[in-house]
Number of protein chains: 2
Amino acid sequence: MITQKMKYALKALLVLADEATRPKPEALTIEEIAKRSGTPKRFLEHILLEVRNAGVIASIRGRSGGYSLIKKPSDVSISELLRTIDGPIAPLPCLSRRAYQRCEDCADEATCRIRKVFAEVFWSYLLIIDSLTLEDMLRSSEAADQVLGA
Amino acid sequence: MITQKMKYALKALLVLADEATRPKPEALTIEEIAKRSGTPKRFLEHILLEVRNAGVIASIRGRSGGYSLIKKPSDVSISELLRTIDGPIAPLPCLSRRAYQRCEDCADEATCRIRKVFAEVFWSYLLIIDSLTLEDMLRSSEAADQVLGA
DNA sequence: CTAAAACACGACAAAGACAGTAGACAAAAC
DNA sequence: GTTTTGTCTACTGTCTTTGTCGTGTTTTAG
(Lines give C-alpha, C1' and ligand atoms only; values in the text may rest on other atoms or scores of the structure.)
Protein backbone atom coordinates (compact mmCIF):
# COMPACT_ATOMS: atom_id res chain seq x y z
CA MET A 1 0.00 0.00 0.00
CA ILE A 2 1.26 3.46 -0.81
CA THR A 3 0.78 6.02 1.93
CA GLN A 4 -1.68 8.86 2.04
CA LYS A 5 1.31 11.16 1.83
CA MET A 6 2.30 9.67 -1.52
CA LYS A 7 -1.24 10.11 -2.81
CA TYR A 8 -1.14 13.76 -1.77
CA ALA A 9 2.23 14.20 -3.47
CA LEU A 10 0.87 12.75 -6.71
CA LYS A 11 -2.25 14.88 -6.57
CA ALA A 12 -0.16 17.97 -5.97
CA LEU A 13 2.12 17.11 -8.88
CA LEU A 14 -0.87 16.56 -11.12
CA VAL A 15 -2.15 19.99 -10.21
CA LEU A 16 1.25 21.52 -10.93
CA ALA A 17 1.60 19.59 -14.17
CA ASP A 18 -1.84 20.71 -15.30
CA GLU A 19 -0.85 24.27 -14.52
CA ALA A 20 2.44 23.90 -16.39
CA THR A 21 0.65 22.99 -19.60
CA ARG A 22 -1.47 26.13 -19.58
CA PRO A 23 -0.68 29.03 -21.94
CA LYS A 24 0.65 31.30 -19.17
CA PRO A 25 1.71 29.05 -16.26
CA GLU A 26 2.14 30.70 -12.85
CA ALA A 27 3.55 29.53 -9.57
CA LEU A 28 0.77 28.19 -7.35
CA THR A 29 0.59 28.83 -3.62
CA ILE A 30 0.29 25.99 -1.15
CA GLU A 31 -3.18 27.25 -0.42
CA GLU A 32 -4.19 26.94 -4.04
CA ILE A 33 -2.61 23.53 -4.49
CA ALA A 34 -4.23 22.31 -1.30
CA LYS A 35 -7.60 23.51 -2.50
CA ARG A 36 -7.33 22.00 -5.97
CA SER A 37 -5.92 18.68 -4.77
CA GLY A 38 -7.94 18.33 -1.58
CA THR A 39 -5.03 17.97 0.80
CA PRO A 40 -4.62 19.43 4.29
CA LYS A 41 -2.66 22.63 3.75
CA ARG A 42 -0.25 22.35 6.67
CA PHE A 43 0.55 18.75 5.78
CA LEU A 44 1.12 19.67 2.17
CA GLU A 45 3.88 22.04 3.28
CA HIS A 46 6.03 19.12 4.39
CA ILE A 47 5.27 17.10 1.32
CA LEU A 48 6.09 19.87 -1.13
CA LEU A 49 9.33 20.50 0.74
CA GLU A 50 10.43 16.92 0.19
CA VAL A 51 9.40 17.01 -3.43
CA ARG A 52 11.31 20.24 -3.88
CA ASN A 53 14.43 18.78 -2.24
CA ALA A 54 14.15 15.94 -4.71
CA GLY A 55 14.47 18.52 -7.48
CA VAL A 56 11.08 17.98 -9.05
CA ILE A 57 9.51 21.32 -8.24
CA ALA A 58 10.84 24.79 -7.42
CA SER A 59 9.59 27.22 -4.81
CA ILE A 60 9.52 30.98 -4.81
CA ARG A 61 9.39 32.67 -1.43
CA GLY A 62 7.75 35.88 -0.38
CA ARG A 63 4.67 37.62 -1.64
CA SER A 64 3.50 36.29 -4.99
CA GLY A 65 5.52 33.16 -4.28
CA GLY A 66 4.50 29.57 -4.85
CA TYR A 67 5.52 26.29 -6.44
CA SER A 68 6.04 25.20 -10.00
CA LEU A 69 7.11 22.06 -11.79
CA ILE A 70 10.67 22.29 -13.09
CA LYS A 71 10.91 18.93 -14.80
CA LYS A 72 9.11 17.68 -17.84
CA PRO A 73 6.37 15.28 -16.72
CA SER A 74 8.11 12.59 -18.76
CA ASP A 75 11.19 13.07 -16.60
CA VAL A 76 9.39 12.74 -13.27
CA SER A 77 9.76 9.12 -12.25
CA ILE A 78 6.96 7.68 -10.15
CA SER A 79 9.30 5.16 -8.54
CA GLU A 80 11.73 7.93 -7.56
CA LEU A 81 8.86 9.83 -6.00
CA LEU A 82 7.84 6.70 -4.13
CA ARG A 83 11.36 6.34 -2.78
CA THR A 84 11.43 10.01 -1.79
CA ILE A 85 8.09 10.02 -0.02
CA ASP A 86 7.53 6.49 1.22
CA GLY A 87 11.10 5.21 1.43
CA PRO A 88 12.65 2.09 -0.09
CA ILE A 89 10.46 0.06 -2.42
CA ALA A 90 12.42 -3.19 -2.22
CA PRO A 91 10.60 -6.05 -0.46
CA LEU A 92 13.68 -6.72 1.68
CA PRO A 93 16.29 -4.28 3.00
CA CYS A 94 19.01 -6.51 1.57
CA LEU A 95 17.58 -6.00 -1.92
CA SER A 96 17.52 -2.22 -1.87
CA ARG A 97 20.26 -0.52 -3.84
CA ARG A 98 20.21 2.90 -2.25
CA ALA A 99 18.97 1.86 1.20
CA TYR A 100 20.77 -1.44 1.46
CA GLN A 101 20.81 -3.03 4.88
CA ARG A 102 21.94 -6.45 5.81
CA CYS A 103 19.20 -8.58 7.35
CA GLU A 104 20.04 -9.13 11.02
CA ASP A 105 19.19 -12.79 11.05
CA CYS A 106 20.52 -13.76 7.65
CA ALA A 107 23.65 -15.89 7.79
CA ASP A 108 24.49 -15.80 4.10
CA GLU A 109 22.82 -13.64 1.48
CA ALA A 110 24.10 -15.72 -1.40
CA THR A 111 22.14 -18.76 -0.31
CA CYS A 112 19.15 -17.06 1.38
CA ARG A 113 16.08 -18.58 -0.22
CA ILE A 114 13.81 -15.73 0.79
CA ARG A 115 16.14 -13.19 -0.72
CA LYS A 116 16.51 -15.22 -3.86
CA VAL A 117 12.85 -15.55 -4.62
CA PHE A 118 11.98 -11.97 -3.81
CA ALA A 119 14.90 -10.73 -5.85
CA GLU A 120 13.32 -12.24 -8.95
CA VAL A 121 9.96 -10.67 -8.21
CA PHE A 122 11.58 -7.36 -7.44
CA TRP A 123 13.59 -7.10 -10.65
CA SER A 124 10.48 -7.71 -12.70
CA TYR A 125 8.57 -5.21 -10.63
CA LEU A 126 11.29 -2.60 -11.07
CA LEU A 127 11.14 -3.00 -14.82
CA ILE A 128 7.51 -1.97 -14.71
CA ILE A 129 7.53 0.81 -12.19
CA ASP A 130 10.85 2.39 -13.13
CA SER A 131 9.52 3.16 -16.56
CA LEU A 132 6.50 4.98 -15.20
CA THR A 133 6.43 8.78 -15.18
CA LEU A 134 4.11 11.63 -14.36
CA GLU A 135 3.37 11.90 -18.06
CA ASP A 136 1.76 8.46 -17.99
CA MET A 137 -0.64 9.78 -15.39
CA LEU A 138 -1.48 12.82 -17.47
CA ARG A 139 -2.04 10.66 -20.51
CA SER A 140 -4.24 8.23 -18.63
CA SER A 141 -6.60 11.10 -17.83
CA GLU A 142 -6.88 11.90 -21.52
CA ALA A 143 -7.80 8.32 -22.19
CA ALA A 144 -10.44 8.48 -19.47
CA ASP A 145 -11.77 11.72 -20.94
CA GLN A 146 -12.09 10.05 -24.30
CA VAL A 147 -14.04 7.21 -22.83
CA LEU A 148 -16.30 9.61 -20.97
CA GLY A 149 -16.71 11.79 -24.04
CA ALA A 150 -17.72 8.87 -26.22
CA MET B 1 8.82 -4.07 2.46
CA ILE B 2 7.54 -7.35 3.77
CA THR B 3 7.33 -7.57 7.55
CA GLN B 4 9.53 -9.55 9.88
CA LYS B 5 6.48 -11.68 10.58
CA MET B 6 6.26 -12.68 6.93
CA LYS B 7 9.94 -13.58 6.90
CA TYR B 8 9.40 -15.78 9.96
CA ALA B 9 6.41 -17.42 8.30
CA LEU B 10 8.45 -18.23 5.21
CA LYS B 11 11.33 -19.59 7.23
CA ALA B 12 8.97 -21.76 9.23
CA LEU B 13 7.36 -23.07 6.05
CA LEU B 14 10.76 -23.85 4.58
CA VAL B 15 11.59 -25.85 7.69
CA LEU B 16 8.30 -27.72 7.43
CA ALA B 17 8.73 -28.29 3.70
CA ASP B 18 12.22 -29.60 4.19
CA GLU B 19 10.88 -31.96 6.84
CA ALA B 20 8.04 -33.08 4.58
CA THR B 21 10.47 -34.26 1.90
CA ARG B 22 12.34 -36.51 4.30
CA PRO B 23 11.81 -40.29 4.18
CA LYS B 24 9.87 -40.41 7.45
CA PRO B 25 8.42 -36.95 8.03
CA GLU B 26 7.26 -36.10 11.55
CA ALA B 27 5.27 -33.23 13.02
CA LEU B 28 7.65 -30.60 14.39
CA THR B 29 7.06 -28.75 17.64
CA ILE B 30 7.05 -24.98 17.79
CA GLU B 31 10.22 -25.24 19.82
CA GLU B 32 11.93 -27.21 17.07
CA ILE B 33 10.69 -24.94 14.28
CA ALA B 34 11.75 -21.88 16.25
CA LYS B 35 15.21 -23.32 16.76
CA ARG B 36 15.69 -24.32 13.12
CA SER B 37 14.32 -21.10 11.70
CA GLY B 38 15.73 -18.69 14.26
CA THR B 39 12.38 -17.27 15.31
CA PRO B 40 11.25 -16.12 18.77
CA LYS B 41 9.18 -19.06 19.97
CA ARG B 42 6.27 -17.18 21.52
CA PHE B 43 5.96 -14.99 18.45
CA LEU B 44 6.04 -18.01 16.19
CA GLU B 45 2.94 -19.34 17.95
CA HIS B 46 0.86 -16.50 16.53
CA ILE B 47 2.32 -16.87 13.10
CA LEU B 48 1.78 -20.63 12.86
CA LEU B 49 -1.77 -20.16 14.04
CA GLU B 50 -2.52 -17.80 11.18
CA VAL B 51 -0.83 -20.07 8.69
CA ARG B 52 -2.83 -22.99 10.02
CA ASN B 53 -6.10 -21.05 9.75
CA ALA B 54 -5.17 -20.38 6.16
CA GLY B 55 -5.12 -24.14 5.62
CA VAL B 56 -1.46 -24.48 4.74
CA ILE B 57 -0.30 -26.45 7.76
CA ALA B 58 -1.97 -28.73 10.29
CA SER B 59 -1.41 -28.91 14.02
CA ILE B 60 -1.57 -31.81 16.44
CA ARG B 61 -2.18 -31.02 20.08
CA GLY B 62 -0.91 -32.70 23.17
CA ARG B 63 2.17 -34.72 23.84
CA SER B 64 4.09 -35.62 20.67
CA GLY B 65 2.14 -32.91 18.90
CA GLY B 66 3.44 -30.39 16.43
CA TYR B 67 2.96 -28.92 12.99
CA SER B 68 3.21 -30.32 9.51
CA LEU B 69 2.71 -29.09 5.99
CA ILE B 70 -0.56 -30.33 4.48
CA LYS B 71 -0.25 -28.81 1.03
CA LYS B 72 2.17 -29.62 -1.71
CA PRO B 73 4.81 -26.87 -1.85
CA SER B 74 3.67 -26.20 -5.40
CA ASP B 75 0.19 -25.41 -4.04
CA VAL B 76 1.36 -22.95 -1.40
CA SER B 77 1.05 -19.52 -2.97
CA ILE B 78 3.49 -16.89 -1.74
CA SER B 79 1.06 -14.09 -2.55
CA GLU B 80 -1.69 -15.78 -0.56
CA LEU B 81 0.68 -16.09 2.36
CA LEU B 82 1.55 -12.41 2.01
CA ARG B 83 -2.13 -11.52 2.13
CA THR B 84 -2.64 -13.75 5.16
CA ILE B 85 0.29 -12.42 7.15
CA ASP B 86 0.84 -8.86 5.98
CA GLY B 87 -2.60 -7.96 4.66
CA PRO B 88 -3.64 -6.61 1.24
CA ILE B 89 -0.90 -6.34 -1.36
CA ALA B 90 -2.63 -3.85 -3.64
CA PRO B 91 -1.00 -0.41 -3.75
CA LEU B 92 -4.38 1.24 -3.15
CA PRO B 93 -7.35 0.00 -1.12
CA CYS B 94 -9.60 0.66 -4.12
CA LEU B 95 -7.56 -1.84 -6.16
CA SER B 96 -7.78 -4.73 -3.75
CA ARG B 97 -10.19 -7.47 -4.69
CA ARG B 98 -10.66 -9.12 -1.33
CA ALA B 99 -10.04 -6.06 0.86
CA TYR B 100 -11.65 -3.46 -1.36
CA GLN B 101 -12.23 -0.11 0.23
CA ARG B 102 -13.28 3.07 -1.45
CA CYS B 103 -10.74 5.87 -1.08
CA GLU B 104 -12.21 8.54 1.18
CA ASP B 105 -11.15 11.47 -0.91
CA CYS B 106 -11.73 10.00 -4.36
CA ALA B 107 -14.67 11.53 -6.17
CA ASP B 108 -14.80 9.09 -9.05
CA GLU B 109 -12.82 5.89 -9.36
CA ALA B 110 -13.39 5.60 -13.08
CA THR B 111 -11.45 8.78 -13.77
CA CYS B 112 -8.96 8.73 -10.87
CA ARG B 113 -5.56 9.11 -12.45
CA ILE B 114 -3.72 7.68 -9.49
CA ARG B 115 -5.89 4.60 -9.47
CA LYS B 116 -5.52 4.19 -13.19
CA VAL B 117 -1.76 4.21 -13.28
CA PHE B 118 -1.31 2.00 -10.25
CA ALA B 119 -3.86 -0.44 -11.57
CA GLU B 120 -1.62 -1.11 -14.56
CA VAL B 121 1.42 -1.63 -12.38
CA PHE B 122 -0.54 -3.83 -10.03
CA TRP B 123 -1.91 -6.18 -12.67
CA SER B 124 1.55 -6.78 -14.01
CA TYR B 125 2.87 -7.30 -10.51
CA LEU B 126 0.12 -9.79 -9.74
CA LEU B 127 1.01 -11.82 -12.80
CA ILE B 128 4.49 -12.29 -11.38
CA ILE B 129 3.78 -12.88 -7.73
CA ASP B 130 0.60 -14.91 -8.07
CA SER B 131 2.52 -17.59 -9.93
CA LEU B 132 5.08 -17.94 -7.17
CA THR B 133 4.89 -20.87 -4.75
CA LEU B 134 6.82 -22.39 -1.92
CA GLU B 135 8.23 -24.86 -4.40
CA ASP B 136 10.00 -22.05 -6.19
CA MET B 137 11.77 -21.27 -2.95
CA LEU B 138 12.80 -24.87 -2.46
CA ARG B 139 14.08 -25.07 -6.01
CA SER B 140 16.03 -21.84 -5.70
CA SER B 141 18.01 -23.40 -2.87
CA GLU B 142 18.95 -26.31 -5.12
CA ALA B 143 20.19 -23.85 -7.72
CA ALA B 144 22.28 -22.11 -5.08
CA ASP B 145 23.69 -25.44 -3.96
CA GLN B 146 24.67 -26.21 -7.51
CA VAL B 147 26.45 -22.92 -7.86
CA LEU B 148 28.24 -23.43 -4.57
CA GLY B 149 29.11 -26.98 -5.47
CA ALA B 150 30.61 -26.00 -8.82
C1' DC C 1 9.98 51.26 5.55
C1' DT C 2 6.53 48.58 6.98
C1' DA C 3 2.99 45.31 6.82
C1' DA C 4 1.24 41.52 4.55
C1' DA C 5 1.77 37.36 2.08
C1' DA C 6 4.02 33.63 1.20
C1' DC C 7 7.48 29.59 1.99
C1' DA C 8 10.71 27.02 5.71
C1' DC C 9 11.55 24.44 9.55
C1' DG C 10 11.22 22.18 13.94
C1' DA C 11 8.43 20.46 17.71
C1' DC C 12 4.61 18.13 19.12
C1' DA C 13 0.67 14.73 19.34
C1' DA C 14 -2.93 11.24 18.55
C1' DA C 15 -3.71 6.86 16.49
C1' DG C 16 -2.33 2.78 14.59
C1' DA C 17 1.01 -0.88 13.14
C1' DC C 18 4.81 -3.85 14.40
C1' DA C 19 7.28 -7.11 17.14
C1' DG C 20 7.10 -9.33 20.48
C1' DT C 21 5.98 -11.31 25.86
C1' DA C 22 3.13 -13.43 29.43
C1' DG C 23 -0.45 -16.12 31.57
C1' DA C 24 -4.02 -19.17 31.65
C1' DC C 25 -6.34 -22.86 29.32
C1' DA C 26 -7.15 -27.29 26.56
C1' DA C 27 -5.94 -31.68 24.68
C1' DA C 28 -3.36 -35.79 24.18
C1' DA C 29 0.09 -39.32 25.66
C1' DC C 30 2.27 -41.90 29.04
C1' DG D 1 -3.11 -37.37 36.65
C1' DT D 2 1.02 -35.34 35.36
C1' DT D 3 3.63 -33.76 31.64
C1' DT D 4 4.02 -32.10 27.14
C1' DT D 5 2.38 -29.82 23.68
C1' DG D 6 -0.78 -26.48 21.06
C1' DT D 7 -4.59 -22.37 21.74
C1' DC D 8 -6.20 -18.12 22.97
C1' DT D 9 -6.45 -13.50 25.06
C1' DA D 10 -4.33 -9.70 26.71
C1' DC D 11 -0.73 -6.58 27.29
C1' DT D 12 3.41 -3.59 26.18
C1' DG D 13 7.08 -0.88 24.27
C1' DT D 14 8.66 1.21 19.98
C1' DC D 15 8.12 3.11 15.55
C1' DT D 16 5.38 5.02 11.69
C1' DT D 17 1.74 7.67 9.93
C1' DT D 18 -0.89 11.75 9.60
C1' DG D 19 -1.35 15.46 10.68
C1' DT D 20 -1.24 20.45 13.65
C1' DC D 21 1.13 24.49 15.67
C1' DG D 22 4.36 28.10 16.40
C1' DT D 23 7.89 30.62 14.81
C1' DG D 24 10.95 32.19 11.65
C1' DT D 25 12.49 34.12 6.94
C1' DT D 26 11.94 36.09 2.42
C1' DT D 27 9.80 39.01 -0.81
C1' DT D 28 7.07 42.63 -2.45
C1' DA D 29 3.04 45.92 -2.60
C1' DG D 30 2.06 50.23 -1.03
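In what follows, chains carry the letters A, B, and so on, assigned in the order in which the sequence lines appear, proteins first and then strands, with residues in each chain numbered from 1.
Note that CG of A:Leu14 and CD1 of B:Ile114 are 6.0 Å apart. Values are rounded to the nearest 0.5 Å.
Residues A:Ile78 and A:Leu10 have side chains in contact (heavy-atom distance under 4.5 Å, counting atoms from C-beta outward). Considering only heavy atoms from C-beta on, A:Ile47 stays 4.5 Å or farther from A:Glu50 through its side chain. Residues B:Pro93 and B:Tyr100 fail the side-chain proximity criterion, which asks for heavy atoms closer than 4.5 Å.
Within the 4.0 Å cut-off from OP1 or OP2 of C:dA19, not a single side-chain nitrogen or oxygen of B:Tyr8 is found. Between A:Arg63 and C:dC7, a side-chain N or O to OP1/OP2 separation shorter than 4.0 Å is absent.
Note on A:Leu48: nothing from the nucleic acid sits closer than 4.0 angstrom, heavy atoms only.
The nearest whole Å value for the distance from the CD atom in A:Glu32 to the P atom in C:dA5 is 16 Å. Distance, B:Arg42 CZ to C:dC25 C1': 12 Å, rounded to whole Å. Atom-to-atom, CE of B:Met6 to C1' of C:dA17 comes out at 17 Å; the value is rounded to the nearest Å. Between B:Leu44 atom CG and C:dC18 atom P there is a gap of 18 Å when expressed in whole angstrom units. As rounded to whole Å, 11 Å separates atom P of C:dG20 from atom NE2 of B:His46. B:Arg52 has its CZ atom 13 Å from the C1' atom of C:dA27, to the nearest Å. Atom P of nucleotide C:dA6 and atom CD1 of A:Ile30 are separated by 10 Å, given to the nearest angstrom. Rounded to an integer number of Å, the gap from CZ of B:Phe43 to C1' of C:dC18 is 7 Å.
Where B:Leu28 and A:Ile2 meet DNA chain D, the nucleotide closest to each residue was compared, and B:Leu28 sits on the side nearer the 5' end. Place A:Gly65 and B:Pro40 on DNA chain C by their nearest nucleotides, and A:Gly65 ends up nearer the 5' end. In terms of position on DNA chain C, the residue among A:Glu45 and A:Ser64 whose nearest nucleotide sits closer to the 5' end is A:Ser64.
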### Task
Take A:Asp86 and A:Ile2, measure what side-chain contact (heavy atoms from CB on, under 4.5 Å) needs, and give me the verdict at the end.
CA-CA 7 Å; A:Asp86 283 355; A:Ile2 69 175; 3.9 Å; yes

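Screening B:Thr133, B:Asp130, B:Leu132 for a side-chain contact (heavy atoms from CB on, under 4.5 Å) with B:Ser79, the sole residue that qualifies is B:Asp130.
Enclosure of atom CZ in A:Arg97 is not indicated, since only 12 or fewer non-hydrogen atoms of other residues, nucleotides or ligands lie within 6.0 angstrom.
On the nucleic acid side, DNA chain D contacts chain B at distances under 4.0 Å to non-hydrogen atoms, with the end points of that region at D:dT3 to D:dA10.
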